[in-house]
Asks: 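Once you've had a glance at the structure underneath, I'll fire off some questions.
Chain naming here is simple, since letters A, B, ... match the order of the sequence lines and numbering starts at 1 in each.
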Amino acid sequence: MKAIVDCNNFYCSCERLFQPRLEGRPVVVLSNNDGCVISRSDEAKKLGIDMGVPLFEVRSLLHAQQVAVFSSNYALYGDCSWRVMQVLREILGKERVEVYSVDEAFLELDELGREQLEKLALSIRNQVEQWTGIRVSVGVGPTKTLAKLANRLAKKNKTATNCVVVLSTDSEIEEALRCTAVADLWGIGGRYGKQLRERWGIYDGWQLAKVSETFATKYLGGVVGTRLVRELKGIPSREMEDERTRKKMIATTRMFGRKVYELQEIREAIASYTARAAEKLRRQFSAAGYLSVFIISHAPGQRHGMAYDNHCILDKPSSDSSVLIRAALKLVNAIFKPGLVYKKAGVVLGDIVPAAARQGSLFDTNNTNDNLPLMLAIDNINFSCPPAHQPQHDSILRFAAAGTNRGWKMKQEFRSPRYTTKWREMPRAR
DNA sequence: TCTGGGGTCCTAGGACCC
DNA sequence: TCTGGGGTCCTAGGACCC
């Protein structure tokens with residue numbers, strides 16, 4: 001049997017952890033640049049604040065209802081996530097835990113009886129809450145997709161279910177599928193949902209579980225759809241995956257805090273995003289062989305601007321910020337067009353390989369020329385020291401190319417302290 | 001006026017090879 | 001009018017996820 005543990009309103013719960021006075025009050029967390037709402041407490045959901053709604057549309061409602069508003073604080077959420085996952089690993093053993101996202105993990109459970117499964121799920125839920133302060137929901141089923149469905153039902157009705165739902169008998173599964181709209185299934189998004197309804201008259205999960213594999217292959221994206229339908233029928237087709245700690249692609253992209261016109265500012269932004277991406281790369285002991293940059297211009301009155309991108313293959317894979325920044329700046333120079341207004345830029349690293357197994361370049365006489373020790377020293381210092389009195393900066397040691405004014409930086413007006421990851425921002429007890 | 005950021009997997013189609 | 005058959009690799013783009 002498979003289970004999925006999912007943290008309730010994760011980002012909001014993290015904020016509340018350090019401000020218990022917010023318990024029972026509506027809370028929301030905003031996306032980067034304070035653009036839209038990406039996490040809501042139950043109280044905020046009840047006020048009718050939708051997921052993903054732009055801040056400006058609900059500003060007065062938030063104010064009138066005295067909703068506590070936070071900018072996103074990824075240092076805090078990442079650390080809380082790690083704590084939750086550690087508890088799961090302690091309970092089940094780390095081979096049985098697959099971290100799926102910042103707030104979700106799949107668990108491999110034994111084939112126990114129904115009551116025992118429910119007891120186990122409940123005890124996991126309680127243990128996590130007791131040790132981390134984060135409330136979670138647990139869904140259990142014969143496949144990952146059905147576990148997801150169980151979890152959804154658990155969250156939908158927290159009081160009745162105690163945040164735990166087990167789907168183990170055929171009739172339980174049938175009933176759950178019947179009461180779930182097809183687009184609410186894991187793996188069916190808006191596009192397929194619409195097609196299934198309008199073209200095939202398939203509205204709920206039970207109908208979809210009945211289609212043939214040929215149908216799924218043909219109309220739901222090939223093997224992806226086939227796997228999904230098999231999972232609904234109770235045949236495990238998405239096995240537990242090895243913790244793939246190494247990402248295959250690393251991106252740092254941001255909206256600017258204001259309109260940007262000058263190449264110099266774009267270069268600063270690209271340099272600082274590249275430095276950030278390189279940091280992520282080094283954290284997983286990798287090097288990248290491919291680098292791409294893009295900038296997006298602002299078309300007045302339109303939702304989407306025009307994208308300009310450029311990429312290169314590096315002579316040899318690298319995780320050296322200065323090497324990557326140099327390459328990125330060269331790329332951005334080639335695509336910048338004066339006279340446009342820019343609103344966003346980004347850097348993507350690809351062709352990622354383990355740093356230890358890099359293929360050297362045939363023409364490179366100096367293979368040890370990477371500044372890895374220097375880079376690691378920089379990472380260490382940046383991790384432990386906050387940038388004192390310089391709110392426009394995230395780190396104390398930076399590359400000159402990233403600039404000093406940084407007027408383009410994203411807005412973060414409501415960020416809480418990084419309680420658990422920066423010494424100077426630790427909570428104080430009187 | 002103001003709408004995020006970071007990932008994965010898969011398919012189709014073109015270029016190229018023998 | 002008729003014009004081989006199979007591979008592989010790469011890229012772009014679609015769809016989905018949190």
Side-chain angles (χ1 to χ4, degrees), chain A residues 4-11 28-39 49-60 62 70-74 77-78 81 98-106 144-145 148 151-152 155 182-196 216-228 237-238 241 244-259 273 276-277 280-281 284 290 292 294 296 298-305 307 309 311 313 341 343-352 410-413:
Chain A
I4 183 148
V5 176
D6 189 323
C7 302
N8 299 349
N9 315 328
F10 184 53
Y11 294 172
V28 300
V29 174
L30 305 177
S31 66
N32 267 338
N33 221 25
D34 296 341
C36 42
V37 173
I38 54 168
S39 179
I49 299 164
D50 289 333
M51 181 68 176
V53 69
L55 175 60
F56 71 88
E57 281 180 18
V58 287
R59 194 164 240 146
S60 55
L62 295 176
F70 293 91
S71 299
S72 34
N73 183 347
Y74 292 106
Y77 312 148
S81 169
E98 177 196 336
V99 176
Y100 177 68
S101 76
V102 69
D103 70 333
E104 285 170 86
F106 284 104
K144 282 183 168 179
T145 308
K148 275 286 226 182
N151 192 285
R152 190 169 178 282
K155 281 194 160 165
V182 80
D184 291 331
L185 295 168
W186 188 42
I188 299 292
R191 286 273 190 355
Y192 286 148
K194 186 159 183 259
Q195 252 189 59
L196 286 169
T217 311
K218 193 153 177 206
Y219 299 112
L220 296 173
V223 306
V224 183
T226 317
R227 270 205 295 260
L228 166 65
S237 308
R238 289 164 153 262
E241 284 173 36
R244 42 169 194 290
T245 45
R246 289 222 166 90
K247 289 179 182 151
K248 298 171 179 170
M249 181 199 104
I250 288 175
T252 301
T253 71
R254 297 270 183 286
M255 215 81 181
F256 300 130
R258 60 160 164 80
K259 291 176 180 166
Y273 300 168
R276 177 68 53 197
K280 297 181 195 168
L281 196 59
Q284 62 167 42
Y290 168 97
S292 91
F294 65 84
I296 293 181
H298 178 80
Q302 299 203 330
R303 175 81 168 80
H304 297 287
D309 64 322
H311 65 264
I313 310 284
V341 188
K343 60 171 183 181
K344 182 176 181 174
V347 175
V348 183
L349 302 177
D351 282 356
I352 291 177
M410 68 178 180
K411 284 184 283 192
Q412 272 202 314
E413 288 175 40

Asks: Side chain of A:I250: nearest nucleotide among C:dA15, B:dG7, B:dT11?
Replies: B:dG7

Asks: Classify the nucleic acid contact of A:V223 as base, sugar-phosphate or nothing, counting any heavy atom under 4.0 Å across all strands shown.
Replies: sugar-phosphate

Asks: Taking atom C1' of B:dT8 as reference, at what distance in whole Å does atom CD1 of A:I352 sit?
Replies: 13 Å

Asks: How close or far is atom P of B:dT8 from atom CZ of A:R238, stated in whole angstroms?
Replies: 14 Å

Asks: Return the value, rounded to whole Å, for the distance between atom OH of A:Y273 and atom P of B:dG5.
Replies: 8 Å

Asks: Tell me which nucleotide among B:dG6, B:dT3, C:dC16 gets nearest to the side chain of A:R191.
Replies: C:dC16

Asks: Nearest-nucleotide wise, let me know which of A:F56 and A:M249 is further upstream toward the 5' end of DNA chain B.
Replies: A:F56

Asks: At 4.0 Å (heavy atoms only), tell me whether A:D103 reaches a base, stays on the sugar-phosphate, or touches nothing.
Replies: sugar-phosphate

Asks: Determine, step by step, whether A:L349 and A:L281 satisfy the side chain to side chain contact (heavy atoms under 4.5 Å, CB included) criterion, reporting the C-alpha distance in whole Å, the side-chain angles of both residues, the deciding distance to 0.1 Å, and the verdict.
Replies: CA-CA 9 Å; A:L349 302 177; A:L281 196 59; 3.8 Å; yes

Asks: Does any N or O in the side chain of A:D34 come within less than 3.5 Å of the main-chain N or O of A:E413, such that one atom is a donor and the other an acceptor?
Replies: yes

Asks: Within the 4.0 Å heavy-atom criterion, would you say A:S72 contacts the bases, only the backbone, or no part of the nucleic acid?
Replies: nothing

Asks: The side chain of A:M255 is closest to which nucleotide in this list: B:dC10, B:dG4, B:dG6?
Replies: B:dG4

Asks: Does A:E98 come within less than 4.0 Å of A:R238, counting only side-chain N to carboxylate O?
Replies: no

Asks: Ignoring the backbone of A:S31, work out which of C:dC16, B:dG4, C:dC18 is nearest its side chain.
Replies: B:dG4

Asks: Strictly under 6.0 Å, is that where the ring centroids of A:W186 and A:Y192 end up?
Replies: no

Asks: Can you figure out which of C:dC18, B:dG5, B:dT3 approaches the side chain of A:N32 most closely?
Replies: B:dG5

Asks: Given that A:R227 and A:R254 both sit by DNA chain B, which one's nearest nucleotide is further toward the 5' end?
Replies: A:R254

Asks: Quick one: label A:L30 by what it contacts on the DNA or RNA (base, sugar-phosphate, nothing), any heavy atom closer than 4.0 Å.
Replies: nothing

Asks: Strictly below 4.0 Å: does A:K280 bring a side-chain N or O up to OP1 or OP2 of B:dG6?
Replies: yes

Asks: Can you tell me which nucleotide in B:dG6, C:dC18, B:dC2 comes closest to the side chain of A:H298?
Replies: B:dC2

Asks: Looking at every non-hydrogen atom in both residues, tell me the closest pair between A:K411 and A:G257 and how far apart they are.
Replies: CE-O, 4.0 Å

Asks: Look at A:K148 and C:dC18 and indicate whether a side-chain polar atom (N or O) is within less than 4.0 Å of OP1 or OP2.
Replies: yes

Asks: Among the candidates B:dC9, C:dC17, C:dA15, find the nucleotide nearest to the side-chain atoms of A:Y100.
Replies: C:dC17

Asks: On the ring face of A:F256, is A:K344 found with NZ or CZ under 6.0 Å from the centre and within 45° of the axis?
Replies: no

Asks: Only pairs with both distances under 3.5 Å count, Watson-Crick or wobble alike; so what is the partner of B:dC18 in this structure?
Replies: C:dG5

Asks: How long is the line joining OH of A:Y74 and C1' of C:dC18, in whole Å?
Replies: 11 Å

Asks: Whole angstrom is fine here: how far is it from CG in A:N9 over to C1' in C:dC18?
Replies: 14 Å

Asks: Calculate the interatomic distance between A:D351 atom CG and C:dC10 atom C1'; express it in whole Å.
Replies: 11 Å

Asks: Do A:N9 and A:S39 get their side chains close enough for a donor-acceptor pair, meaning under 3.5 Å?
Replies: no

Asks: Give the rounded distance in Å between these two atoms: CD of A:Q412 and P of B:dG5.
Replies: 11 Å

Asks: Which part of the nucleic acid, if any, lies within contact of A:L220, taking any heavy atom under 4.0 Å across all strands shown: a base, the sugar-phosphate backbone alone, or nothing?
Replies: nothing

Asks: Reckon A:K344 has a side-chain N or O less than 4.0 Å from the OP1 or OP2 of B:dG4?
Replies: no

Asks: So, does A:T253 get its side chain near the phosphate of B:dG4, meaning an N or O under 4.0 Å from OP1 or OP2?
Replies: no

Asks: Round to a whole Å and report the spacing from CZ of A:R258 to P of B:dC2.
Replies: 15 Å

Asks: Could you work out which one of B:dT3, C:dC18, B:dG6 sits closest to the side chain of A:W186?
Replies: C:dC18

